[in-house]
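Note that these values count all heavy atoms, side chains included, but never hydrogens, waters or copies made by symmetry. As the structure lists them, so they are numbered: ligands from 1, and atoms in each ligand from 1.
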Amino acid sequence: MSIKAYSRRHFLAGTASAAALTVFGTGELSGVSAFATPLEPSPGANLIPYGAAVRSDALAADPSYRAAVIANCQLVVPESELKWLELRPTRDEYRFEKADAIVDFARQNGIEVRGHTLAWYGALPKWTESIATRAEAERELIDHIETVVSRYKGAIPSWDVINEPLVDWPESAGSLRPSIWAKRLGTDYLRIALETTAAVDSDARLVLNEYDVEFAGPRFAARRKALIELLRSLRDRDVPLHAVGLQAHLFADRGIDRDGLQSLLSQIKALDLDVWVTELDVIDYELPGKIGERDALVAGVASRFLEAVCEVVQPKAILTWGLSDRYTWVPIYFKRRDGMPNRPLPLDAELKRKPLFDVIEQFRHKV
Ligand code: G3I
């Protein structure tokens with residue numbers, strides 16, 4: 001059974017004309033926001049929506065993968081195509097082709113798109129290093145957000161406005177990860193990015209996305225403490241923010257800190273902030289090689305995490321950082337010593353369902 005079977009039919013009935021535009025996302029774009037018509041809510045509203053990070057090149061070149069995304073995802077998030085590095089090869093240029101292709105594809109198939117990401121230390125083009133003053137940094141950040149968010153207004157209802165703001169082992173909310181934004185604007189870059197996004201699209205859900213807050217140990221406890229302090233400081237200054245994204249790049253060899261995580265979630269809830277699971281996968285490079293055993297251990301880690309989360313909050317959605325082991329970032333940093341492929345995602349490289357798929361399906365129904 002695939003995760004989603006109904007709304008595509010429902011959507012296509014409404015937008016036959018849009019489908020004519022593109023086989024896979026080469027629609028003509030005019031004016032500021034060519035994707036203005038909001039999508040109809042899907043009939044399966046009592047399920048926690050599921051989605052995955054996708055890659056424009058794989059969607060274009062791999063029909064079976066594209067079919068698997070259509071069959072299983074209610075949301076997609078561009079893995080890299082909405083990052084500064086892809087959008088802004090030079091200061092005076094915006095390259096929207098790849099991002100547009102994903103948004104077109106999603107619209108044709110009744111799938112919602114998440115935006116990732118507007119203010120991050122990573123995936124920044126080299127020219128941003130030459131940003132020399134506070135005023136220049138503010139102008140560039142605001143211009144980028146206004147241009148990108150206005151283009152996708154109505155088509156991208158939620159944005160990871162802020163991604164990974166904290167250093168690895170923070171002492172406080174002020175322990176920001178080094179970036180041109182933190183260097184030139186200090187903690188103010190968070191307020192500027194969030195206020196600008198809200199000003200451009202007052203309906204957009206604004207998310208602050210972070211990782212390594214799920215595990216047991218002093219570094220992770222320090223990250224949870226600093227994250228809550230940061231969220232409180234934004235709340236205290238009435239900075240617009242709607243949700244926290246838990247990336248959930250889980251490590252099969254790290255214990256989930258159930259109490260620490262649930263305390264974090266309770267405090268987030270008390271700040272009237274929603275929770276999204278934004279980039280779930282299970283890094284398996286330390287696990288035994290045997291496939292059956294490894295897949296079961298991967299599913300077990302995700303189950304413990306989702307159980308701890310869903311006991312305290314109902315995530316707005318559960319997204320994995322990729323759908324199939326065929327396309328995953330994990331081997332970039334966590335290649336297995338035995339040379340076997342990593343298996344961190346719900347579908348294997350043959351697009352077959354794994355125990356992790358069933359675990360996610362089980363928790364989606366927990367509403
Ligand atoms: O598109 C270029 C291609 O033209 C070029 O030939 C190729 C060779 O260098 O690079 C391609 O760009 C790569 C891009 O992924 C697209 O595949 C970049 O080098 C590579 O650095 C980039 O890595 C991405 C990384 O973020 C940095 O943006 C990973 O795929 C992506 O999974 C990873 O995602 C991050 C989230 O944004 C934030 N949370 C952690 C997560 C995993 O690190």
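When the side chain to side chain contact (heavy atoms under 4.5 Å, CB included) test is applied to E138, the partners found at least two apart in sequence or on another chain are R134, I142, L185, I192.
The protein residues lying under 4.0 angstrom from ligand 1, judged by non-hydrogen atoms, are E79, S80, K83, E86, H116, W120, A123, N163, E164, Q247, H249, E279, W321, W329.
No salt bridge links E140 with R184; every basic N to acidic carboxylate O contact stays at or beyond 4.0 Å.
Residues Y94 and W159 share a single hydrophobic cluster, defined by chaining ILVMFWY side chains whose heavy atoms lie under 4.5 Å apart.
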For residues 235-246, which side-chain N or O atoms pair as donor and acceptor with protein atoms under 3.5 Å away, sequence neighbours left out?
unit_1 : atom_1 : unit_2 : atom_2 : d
R235   : NE     : L271   : O      : 2.8
R235   : NH1    : L241   : O      : 3.3
R235   : NH2    : L241   : O      : 3.4
R235   : NH2    : L271   : O      : 3.2
R235   : NH2    : D272   : O      : 3.1
R237   : NE     : S233   : O      : 3.1
H242   : ND1    : L206   : N      : 2.9

Donor-acceptor pairs are to be reported for all side-chain atoms of residues 292-301 against protein atoms at under 3.5 Å, with residues two or more places apart or in another chain.
unit_1 : atom_1 : unit_2 : atom_2 : d
R294   : NE     : P288   : O      : 3.3
R294   : NE     : G289   : O      : 3.4
R294   : NH1    : D284   : OD2    : 2.6
R294   : NH1    : P341   : O      : 3.1
R294   : NH2    : G289   : O      : 3.3
D295   : OD1    : R343   : NE     : 2.8
D295   : OD2    : R343   : NE     : 3.3
D295   : OD2    : R343   : NH2    : 2.8

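The CZ atom of F357 sits 13.5 Å away from atom NZ of K352, with the distance rounded to the nearest 0.5 Å.
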